[in-house]
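What follows is a set of notes on a single structure, which appears directly below.
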There are 2 protein chains.
Amino acid sequence: MPPVSDSISEKLEQVQAGRESRGQRTRLGLQEAALRLLGHDKSFSSLSLREVTREAGIVPTAFYRHYQTMEDLGQDLVTDSFRTLRRMIRSVRSEGLPDGNVIGRTVETLVKHVHANRMHFQFIARERYGGYSSLRVSIQQEIRAFGADLATDLARFPVLDRWDADSMEMLTTLMVNAMVSIAEQILDAPQNDAAAEAEIVRRAERQLVFISLAVPAWRPIKAAK
Amino acid sequence: MPPVSDSISEKLEQVQAGRESRGQRTRLGLQEAALRLLGHDKSFSSLSLREVTREAGIVPTAFYRHYQTMEDLGQDLVTDSFRTLRRMIRSVRSEGLPDGNVIGRTVETLVKHVHANRMHFQFIARERYGGYSSLRVSIQQEIRAFGADLATDLARFPVLDRWDADSMEMLTTLMVNAMVSIAEQILDAPQNDAAAEAEIVRRAERQLVFISLAVPAWRPIKAAK
DNA sequence: CCGGAATGTCAACACTTGTTCACATTCAGG
DNA sequence: CCTGAATGTGAACAAGTGTTGACATTCCGG
């Protein structure tokens, strides 16, 4: 169970022998090198091709065997990062219907996954509004898709299944924004500071509880269609 | 009434003659040049010293007469951007107590000011989670301060004046996040597309109304102090 | 008006960058 | 096994970068 490469191995469907080809391996190496460099303060857009290849232990020209430009590498990172995100929400969904406090469990899993995929989340946070515009729109699209997923999940709740699409979208964007904010706070908090992190979690849960309080009071205009 | 320089002229209190000194002028020129370049897709961190001086119509070495490093220029831009933000909230506050729908007026003023200071807001959005870490923390501090301002404003409302500080902070961060999100959406929307913008405003108002619906249901634990 | 501080200019440096080309190595399949 | 494709390597280029030092200009206060 290699810790990272499985996210890649899913990608190649036509390679019958489970081993990744050499190309795929260094391709992955480039992605990991970029993520590693991103941790150290810089943003992806201010990351040079040579820097990445150097970190990946490869000569600059070899880069072109895999990507035409740095922007393409970024695209790969976007899709990969959101693959892990989707996996997360899938795991939450599979834990059955709301029995305990859903909010607490959701926040907990979110935090756990942010830690497990720290660099991917960092990349997303940094590129969401900075750097290459193509990456920006990709990220926005993926976030919207994530919100849609969340909507189908929420539709299984007692009251919400009667809501119109517009109201649903409003609620999900509100929650997605909250979750994004949580992830960013976790990333900015000092690592291995359990107290600070607990405080963040506490506040996040209070926020979500507060939001949920508005649900019964909302009158979704279903006839407006 | 020079459109931009007034935000700077406030700065110099010891210059008695209303005219800015040559130094202040080119200093301002550098800031404007940076903002101008930022509009064209790049982020501040991936902006070279020479690029800025070139845009400002100045030789690279002259830069050092005003700033020690690009990061310092960024700091100036941060404080300047938030000066306009504070001015905005002040204007909303001075419009008297809540008579009409507060939410509508707030969103409207926000959108107006985003347009009036488009490049400043763009800078903030881009650097909030990218690039130089020193700028990141400055921005976070300023945003927190903005939330505190909002809290004192909200404390004049009937119900909220009984809330404890913790609950107040939760509410303000929720609203600030919403406003930040609005600003970012406005920035990303195609300019001069009134329809798209109206849609954004509509959604934003619905979100804020929704949030406000939770207020009566919330039980602030004041004794928890 | 004049002398010193503030500001701006020019030339040069040592580096890094993206991209190219020709050449070496590795690999997979007939 | 051997051939062609995939992948990696090395040298070289033109251009851009941050920073330095010495020199010119502008400006303001005594």
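Within every chain, numbering begins at 1; the chains are lettered A, B, ... in the order of the sequence lines, protein sequences first and strands thereafter.
- Between the C1' atom of C/dG8 and the CG atom of B/Leu30 lies a distance of 12 Å, rounded to the nearest Å.
- For the pair A/Glu71 CD and C/dT19 P, the interatomic distance rounds to 12 Å; values are reported in whole Å.
- The separation between B/Leu37 atom CG and D/dG16 atom C1' is 15 Å, rounded to whole Å.
- Every residue two or more places apart in sequence or in another chain that forms a side-chain contact (heavy atoms from CB on, under 4.5 Å) with B/Gln141 is listed here: B/Arg144.
- Applying the side-chain contact (heavy atoms from CB on, under 4.5 Å) criterion to B/Thr61, with sequence neighbours excluded, gives B/Val59.
- Atom C1' of nucleotide D/dA6 and atom CD of A/Gln24 are separated by 12 Å, given to the nearest angstrom.
- Scanning for salt bridge (Lys or Arg N to Asp or Glu O under 4.0 Å) contacts around A/Asp193 gives an empty result, with sequence neighbours left out.
- Sorted by first and then second residue, the pairs that involve residues 180-192 of chain B and meet salt bridge (charged side-chain N to carboxylate O under 4.0 Å, His left out), not counting sequence neighbours, are B/Arg128-B/Glu184.
- The side chain to side chain donor-acceptor pair (under 3.5 Å) test applied to B/Arg136 returns A/Asp41, not counting sequence neighbours.
- If you take CG of A/Leu47 and P of C/dT17, they are 10 Å apart, rounded to a whole angstrom.
- To the nearest angstrom, C1' of D/dG8 lies 16 Å from CZ of A/Arg27.
- Only A/Arg50, A/Val59, A/Thr61, A/Ala62, listed by number, bring a heavy atom of residues 48-63 of chain A to less than 4.0 angstrom from any atom of DNA chain D.
- Checked against side-chain contact (heavy atoms from CB on, under 4.5 Å), B/Ile182 has the following partners two or more places apart in sequence or in another chain: B/Leu110, B/Ile186, B/Ala204.
- Under the salt bridge (charged side-chain N to carboxylate O under 4.0 Å, His left out) criterion, no residue pair touches residues 109-126 of chain A, with sequence neighbours excluded.
- Rounded to whole Å, atom P of C/dG8 lies 12 Å from atom OH of B/Tyr67.
- Two residues are said to be in side-chain contact when any heavy atoms from C-beta on lie closer than 4.5 Å; B/Asn117 and B/Ser81 fail this criterion.
- Remark: C1' of C/dC21 and OH of A/Tyr64 are 13 Å apart, rounded to the nearest angstrom.
- For the OP1/OP2 pair of D/dG8 and a distance below 4.0 Å, the side-chain nitrogens and oxygens of A/His66 include at least one atom meeting the criterion.
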I'd like a table of atom pairs between the protein and nucleotides 24-26 of chain C - only N or O on both sides, under 3.5 Å - with the distance next to each one.
none

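- Figure legend: B/Arg50 and B/Phe63 shown without cation-pi pairing, the cationic atom not lying both under 6.0 angstrom from the six-membered ring centre and within 45 degrees of its axis.
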